[in-house]
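Working notes, beginning with the structure itself.
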Amino acid sequence: MTVLPKSVLLPRRKEPPERRRTIDTPLRHELSTWATGLLLSVAQREVLLAVNEWLRRTNGGKVPVIATAERAYEVLGDEKAFDSSPPRGGTTLWQSNRLTFGLLRCERVPTPLTWEPVSLSATGAGRIVCVENHATFRTLLRVLRESPSSPWAAVAWVQGRNTAPLESLPSLPFSVTRLDYLGDLDAAGLEIAFTACATAENVGVRAGPACRLWELLIDRSSRPGRAVDVTHAKRLVGWLPQEVRGKAFDLLTEGRVIPQEALRYDLLRTLIVA
């Protein structure tokens, strides 16, 4: 009998390096001044020729501005081709004096933000409170709508680490004067909070911790979690209100967690509405 091996390792065959070459098709003037002599990969040539054809069809881009995903599908047949930075083709093609979204008459559009007004309508200007989890989103809305005077005009929700929707804050039907954020009291939650506030600041909205809610959260019961080293914990709690940093540091380094769901409806109603 022959004993067969459990596995066989096949050596990977090295593919010959791709030969880069120039474009051999006449280019429109928007491209010819910089692209004619470039040594390009097959993929880069495909992008450039597709753009060249699009410029020809549209007489140099005389069309309305649309979303990048829509233009990418029109030009390349792939709606995700322009999602990365730089888009498909890399920095060889995408530079301020080469391919740009302006040339292609498109723009990135922010992901829609999930939010609801506290009152029947949100007009004028006001603060917004943002939370990470949907249960707390609904609970805060319920409590604030029962309150005779709410410090926030609206409640928003970001889904975990997906803070990109906060780029939509300037498009809300009222002027957002500040974003107050509440997350889970653990390492991941604080990192998300920091990123969320940075995203809001990048679009011109002041942002920081929802101080009163963090003060309420820090005194709730905790559960076991993953311990955070001292250096990392110091950096994380530096974002929190001064009044809670000491307790938060101890919780993180001891491996304890307080999820924002610890602020349940009946508790928030007693502390806020009353």
Side-chain angles (χ1 to χ4, degrees), residues 110-160 162-186 188-190 192-201 203-223 237 239-248 251 257-274:
T111 308
L113 176 66
T114 300
W115 73 282
E116 287 190 24
V118 170
S119 61
L120 292 178
S121 62
T123 58
R127 299 162 72 107
I128 188 170
V129 60
C130 182
V131 297
E132 179 186 335
N133 301 321
H134 72 279
T136 306
F137 170 76
R138 287 296 174 199
T139 295
L140 263 177
L141 274 172
R142 183 181 175 189
V143 169
L144 294 174
R145 285 171 175 170
E146 294 172 355
S147 175
S149 60
S150 169
W152 296 291
V155 181
W157 170 47
V158 292
Q159 302 174 37
N162 181 24
T163 61
L166 291 173
E167 295 174 1
S168 295
L169 285 171
S171 66
L172 266 57
F174 68 98
S175 177
V176 180
T177 57
R178 177 183 162 90
L179 178 131
D180 295 322
Y181 190 89
L182 172 70
D184 295 332
L185 188 46
D186 60 8
L190 291 174
I192 293 169
F194 183 84
T195 303
C197 290
T199 302
E201 296 273 2
V203 294
V205 177
R206 293 188 306 116
C211 297
R212 176 59 177 150
L213 295 179
W214 285 102
E215 291 170 3
L216 297 176
L217 185 65
I218 196 69
D219 290 328
R220 301 305 104 205
S221 60
S222 64
R223 60 171 171 77
V237 301
W239 176 84
L240 288 167
Q242 182 68 46
E243 294 76 11
V244 305
R245 290 178 188 174
K247 291 182 179 179
L251 278 167
V257 172
I258 307 178
Q260 60 187 220
E261 288 87 349
L263 294 179
R264 62 184 185 273
Y265 165 75
D266 57 320
L267 176 63
L268 280 177
R269 188 176 187 280
T270 300
L271 294 173
I272 292 180
V273 177

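These numbers come from the heavy atoms of this one structure, side chains and all, not from hydrogens, waters or symmetry mates.
Classification of Arg138 and Glu116 as a salt-bridged pair holds, one side-chain N sitting under 4.0 Å from a carboxylate O. Taking a cutoff of 4.0 Å between a charged side-chain nitrogen and a carboxylate oxygen, Lys247 and Asp219 qualify as a salt bridge.
Formation of a donor-acceptor pair under 3.5 Å by the Gln260 side chain with backbone atoms of Asn133 is found in this model. Here the side chain of Trp157 pairs a donor or acceptor atom with the backbone of Glu132 at under 3.5 angstrom. For Glu215 (side chain) and Val244 (main-chain N/O), no donor-acceptor pair under 3.5 Å exists by modelled atom type. A donor-acceptor contact shorter than 3.5 Å links the side chain of Thr177 to the backbone of Gly126. Using a distance-only test at 3.5 Å, with no hydrogens or angles considered, no donor-acceptor pair links the side chain of Arg220 to the main chain of Leu263. Without hydrogens or angle criteria, Arg145 side chain to Pro117 main chain gives a donor-acceptor distance under 3.5 Å. Trp214 contributes a side-chain N or O that, together with a main-chain N or O of Tyr181, makes up a donor-acceptor pair within less than 3.5 Å.
Note that OG1 of Thr136 is 7.5 Å distant from CG of Asp184, once rounded to the nearest 0.5 Å. One distance of note links CH2 of Trp152 with CG of Leu179; it measures 10.5 Å at 0.5 Å rounding. Of the inter-residue distances, the one linking Ile192 atom CD1 with Thr163 atom OG1 reads 8.5 Å to the nearest 0.5 angstrom. With values rounded to the nearest 0.5 angstrom, Leu217 atom CG is found 10.5 Å from Ser222 atom OG. Once rounded to the nearest 0.5 Å, the distance linking CD of Glu261 with NE2 of His134 reads 8.5 Å. Considering CG of Leu144 and OG1 of Thr139, their distance stands at 10.5 Å, rounded to 0.5 Å.
When the shell of 6.0 Å around CZ of Phe194 is examined, it contains 12 or fewer heavy atoms from other residues, nucleotides or ligands.
With a 4.5 Å cut-off on side-chain heavy atoms, Val131 and Leu213 do not count as touching. At a threshold of 4.5 Å between non-hydrogen side-chain atoms, the residues Thr199 and Leu169 do not count as touching. You'll find the side chain of Leu166 stays beyond 4.5 Å of the side chain of Val205, heavy atoms only. By the 4.5 Å heavy-atom criterion applied to side chains, Trp115 and Ser168 are not counted as neighbours. In this structure, Ile218 and Leu185 have side chains that are in contact, with non-hydrogen atoms separated by less than 4.5 Å.
Shown here for Asp180 and Pro209, the closest heavy-atom pair between the two residues is OD1-O, 4.0 Å. Taking both residues in full, the closest heavy atoms of Phe174 and Ala154 are given as CZ-CB, 4.0 Å, listed atom of the first, atom of the second, then distance. For the pair Leu113 and Pro165, the tightest heavy-atom approach, listed with the atom from each and the gap, is CB-O, 3.5 Å. When all heavy atoms are compared, the tightest approach of Pro110 to Glu167 is CB-CB, 3.8 Å.
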